[in-house]
Structures are given as structure tokens and as C-alpha cells.
Amino acid sequence: MTPTDPAVLVLEDGTRYTGRAYGARGRTVGEAVFATGMTGYQETLTDPSYAGQIVVQTAPHIGNTGVNDEDPESRRIWVAGYVVRDPSRIVSNFRATRSLDDDLETNGIVGISGIDTRAVTRHLRDRGAMRAGVFSGPDAVLSPEQQLDLVRQAPEMTGQNLSAAVSVAVDTVTPAAGERIGNLAILDLGIKQATVDNLARRGFEVHVLPQASTLEDVLAIDPVAVFYSNGPGDPGASDDHVALLRGVLDQGLPFFGICFGNQLLGRALGFGTYKLPFGHRGINQPVLDRTTGRVEITAHNHGFAVDAPLDGPVDSPNGYGRVEVSHVDLNDDVVEGLRALDIPAFSVQYHPEAAGGPHDANYLFDRFRDMVLAHRKDNA
């Protein structure tokens, strides 16, 4: 194998981009999406929310700082494929232990380099996220018709439940750092390690539970609160997780959800969800916190959103009292957060742990801790 091995990126509308093989050789199919972050490629690759997706990096230079064993957000690389313009030929960082292309090859991630990723991004921005395939090695010589047929045979993201593929198989526990508040039950729908670390630092003993956990499993750890993580897939295909969350809310337990967890809270409260044309993926999204009036620069990775009225508060269709949209994206008015006014529950669509990315929204972990402490005091 050489760096000049040919490769091709094929979109489901028939658009083709030819380049060079990067990482493992072979074929991969998934949903093509673009990520606009200028840094944090290792965190992007290991974010479980990207499962089933071929990630196109808009930043032109990727791999220059290599990879290490401290920055991964989970136990493995999750992207279905990787598309970059100019992979670095050398690694230049004192923390690096190996190169990015070595990691991609070791993990069997089929990628492509040497194409104009910003042109691909403009195409996806205009046409919307779509199925795609990367073909290299023996699959690079398949006919264009065969390659396009393989792409169009791949499942669409709408309707897919991918939680089981990314969740832990058994409970894991991270001790609280500092003064202990109590046990926090996290439903792992594709959680990032930075989220666990932030919650542990707020005094929670963090119990990460498999996505198939029942209400009895959650209550068995005697939690002071429940948290739903980020994750891949269509929230409309996660009825069991919504039913579990309704059980949690019925128990009166405080709840915080991020990203996928925000969408599932929306469904539990009685609102719908929908697929965005090309989603929000990057570390520079401006979001208004309506509670404080502050504009935050935030990290995003989502292709679905909650369909809730921006003018509120409104009554929860499922009987959980008043609900308001707490955060809104200033680019397109997408709902970026929900806050229940009559029960202890809130959520945001973006990533307050932001690794890598801005830390403007890290206060939300403090807001969650304060809500849990206030709830405990009120019910003492």
C-alpha cells in the first residue's frame, strides 16, 4: 500500500470525488456529514455520536498533532469513514504517540484524502446530508454504477436506532471528586468521557448504565438524579428510552440531558423531532441562553432537533406542566435547549463538555448540580 493508492468518494446523488486512499483500504458506506471544527480531530473520531457517518473535515490540514492515549472520548473510533483534504506527512507534538493514519488503518477506518473537502461541504450544505461511500483498494476499480448501487443500498439515518452499538455492556462507576452529592444514573446512548469527568468533578458518583437498562435498574442504584447522554441515530426510533425517561420523570427525579438526551426529553414531554437538512457539527455555533440573555459559542454534533414552540412557556402535551425553550441557535432558530418549569428537568442540544471546543457552556454542569441540591433540600 502506498499514499498514492486511488480512492473515490461517491454520494447517493451520483456526485463523485476522486482522491487518494487514507487509512484502511476497502469500502465503507454511511451518511456523509461535514464537521467544521478547526481542531479536535481525535475527539471527533472517537465521539460515538458519529457512528454510521462518514465525516468530512472542512479544516484542510488534519493529523499534524498525531494521536495519543489521553484525548479519546470513548473506547474506540466510531466514524464509518473519514474524508480529509491534506493529511499531515509528519507528526509534530510532544504528546503524540503515533500518527493518525496509523490509527485509522489499525481500526479499519476507510478514508480518502486529496479532495476539496470544502467543495464537498458546499454540496452537502445545498443538497443536505446524504448516503455516501468511500472505495479504495480492490473496491476502487468497481464500476461507477456498482459503487453507486452499493451506496444507495445503505440504510438512511432516519429510522435507525444505533444506541445498542455504542453503549457499554455492563455498568461502570466513576467515583465522585470532592464532596460527594450522591449516585448519578447515566443512560449511555453514546457518552463521551469528558461528560463523565465533568459530572464526577461536581460531586456525583457516576454510574454509566447500558442503554437497555430498565427503570428498576436505574432505581436500584438509589440515584439522586438521572442523565441521558449524547448518541447517534434517530430519536424517533428510541421509544424504549422515551418510556424509561417518562418513568424517571414520574418518579420526580431530577433530569439533565445533552444532545440525543435533549431530543428524548422533548419526546418524553410530548413534542416531536425532525431531521435537519445537514445538521450542526462543529465548535463555533452561536446559541442564546434565554435565561441569562448571554450568547455562547458552543460545540455541536446533531442531525435531528426538537419541534417545540419558541414562544412559551407552553403546557407539556404529556402532562408534565409548563415547558419553555431555554436555548436557541442564532443561525437558524433551531431549539437548543428545554426547561421544565414545574418538574426538575432540563436539557441542551449541544455539548457543554466541549472537547475539543469552547467552554462557554460548561456552567450547565453547575446548573445541574445546583438543581439536584435544591431538589434534595426541598424534599428533605
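Computed over heavy atoms, backbone and side chain alike; hydrogens, waters and symmetry mates excluded.
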Does the pair [X]/[Y] count as a salt bridge with the N-to-O cut at 4.0 Å?
X	Y	answer
Arg367	Asp289	yes
Glu31	Arg131	no
Arg25	Asp5	yes
Asp13	Arg127	yes
Asp103	Arg98	yes

- Query: After noting the C-alpha distance and the side-chain angles of Ser49 and Asn230, does the key distance pass the side-chain hydrogen bond (donor to acceptor under 3.5 Å, both in side chains) rule?
  - Reply: CA-CA 7 Å; Ser49 296; Asn230 58 291; 2.8 Å; yes
Do you know which two heavy atoms are closest between [X] and [Y], and how far apart they sit?
X	Y	value
Ala132	Leu11	CB-CD2, 3.6 Å
Thr273	Pro235	OG1-CG, 3.6 Å
Val166	Leu189	CG2-O, 3.3 Å
Leu288	Leu330	CB-CD2, 3.9 Å
Ala140	Pro6	CB-O, 3.8 Å
Gln160	Pro155	NE2-O, 3.7 Å

Can you confirm whether [X] sits close enough to [Y] that some side-chain heavy atom of one is under 4.5 Å from a side-chain heavy atom of the other?
X	Y	answer
Glu336	His302	yes
Thr15	His123	yes
Phe365	Leu199	yes
Leu310	Arg290	yes
Gln53	Val79	no
Phe271	Ser316	no
Leu253	Pro223	yes
Val226	Leu187	no

Give a yes or no answer on whether the side chain of [X] reaches the backbone of [Y] with a donor-acceptor pair at less than 3.5 Å.
X	Y	value
Ser213	Pro210	yes
Asn379	His375	yes
Arg281	Phe278	yes
Asp101	Gly23	no
Thr106	Asp102	yes
Ser238	His241	no
Asp234	Gly159	yes
Ser136	Gly26	yes
Gln211	Ser167	no

Kindly work out whether a path of hydrophobic side-chain contacts (I/L/V/M/F/W/Y, heavy atoms less than 4.5 Å apart) joins [X] to [Y].
X	Y	result
Ile191	Val348	yes
Val110	Ile77	no
Phe204	Val208	yes
Ile221	Val206	no
Ile54	Leu124	yes

Please say whether more than 12 non-hydrogen atoms of neighbouring residues, nucleotides or ligands are located less than 6.0 Å from [atom1] in [X].
X	atom1	value
Glu179	CD	no
Arg152	CZ	yes
Met130	CE	yes
Asp240	CG	no
Asp311	CG	no

Hey, what do you get for [atom1] ([X]) to [atom2] ([Y]), rounding to the nearest 0.5 Å?
X	Y	atom1	atom2	value
Leu249	Phe255	CG	CZ	7.0 Å
Ile283	Thr39	CD1	OG1	6.5 Å
Ser88	Asn93	OG	CG	11.0 Å
Asp139	Thr28	CG	OG1	10.5 Å
Ile186	Thr195	CD1	OG1	7.5 Å
Asp360	Leu364	CG	CG	10.5 Å

- Derivation of the salt bridge (charged side-chain N to carboxylate O under 4.0 Å, His left out) call for Asp239 and Arg267: CA-CA 9 Å; Asp239 291 345; Arg267 287 197 59 201; 2.7 Å; yes
- Item | Full working for side-chain hydrogen bond (donor to acceptor under 3.5 Å, both in side chains) between Tyr41 and Thr65 | CA-CA 10 Å; Tyr41 58 79; Thr65 57; 3.0 Å; yes
- Query: Between His280 and His300, what is the ring plane arrangement, given parallel below 30°, perpendicular above 60°, and tilted in between?
  - Reply: tilted
- Task: Classify the angle between the aromatic ring planes of Phe368 and Phe227 as parallel (below 30°), tilted (30 to 60°) or perpendicular (above 60°).
- Result: tilted
- Query: For Gln285, which of Asp332, Asp329, Thr36, Val334 qualifies under side chain to side chain contact (heavy atoms under 4.5 Å, CB included)?
  - Reply: Asp329
Any side-chain donor-acceptor pair under 3.5 Å between [X] and [Y]?
X	Y	result
Tyr320	Arg246	yes
Gln349	His327	no
Asp47	Asn301	yes

- Task: Apply ring pair (Phe, Tyr, Trp, His ring centres under 6.0 Å) to Phe346 and Phe256, showing your working.
- Result: CA-CA 5 Å; Phe346 75 98; Phe256 178 27; 4.5 Å; yes
- Go through Asn198 and Glu353 one step at a time and tell me if the side-chain hydrogen bond (donor to acceptor under 3.5 Å, both in side chains) criterion holds. CA-CA 7 Å; Asn198 270 282; Glu353 80 289 346; over 6 Å; no
- Message: Using side-chain hydrogen bond (donor to acceptor under 3.5 Å, both in side chains), reason through Tyr363 and Glu296 one step at a time and then give a plain yes or no.
- Response: CA-CA 11 Å; Tyr363 71 91; Glu296 305 160 9; 2.4 Å; yes
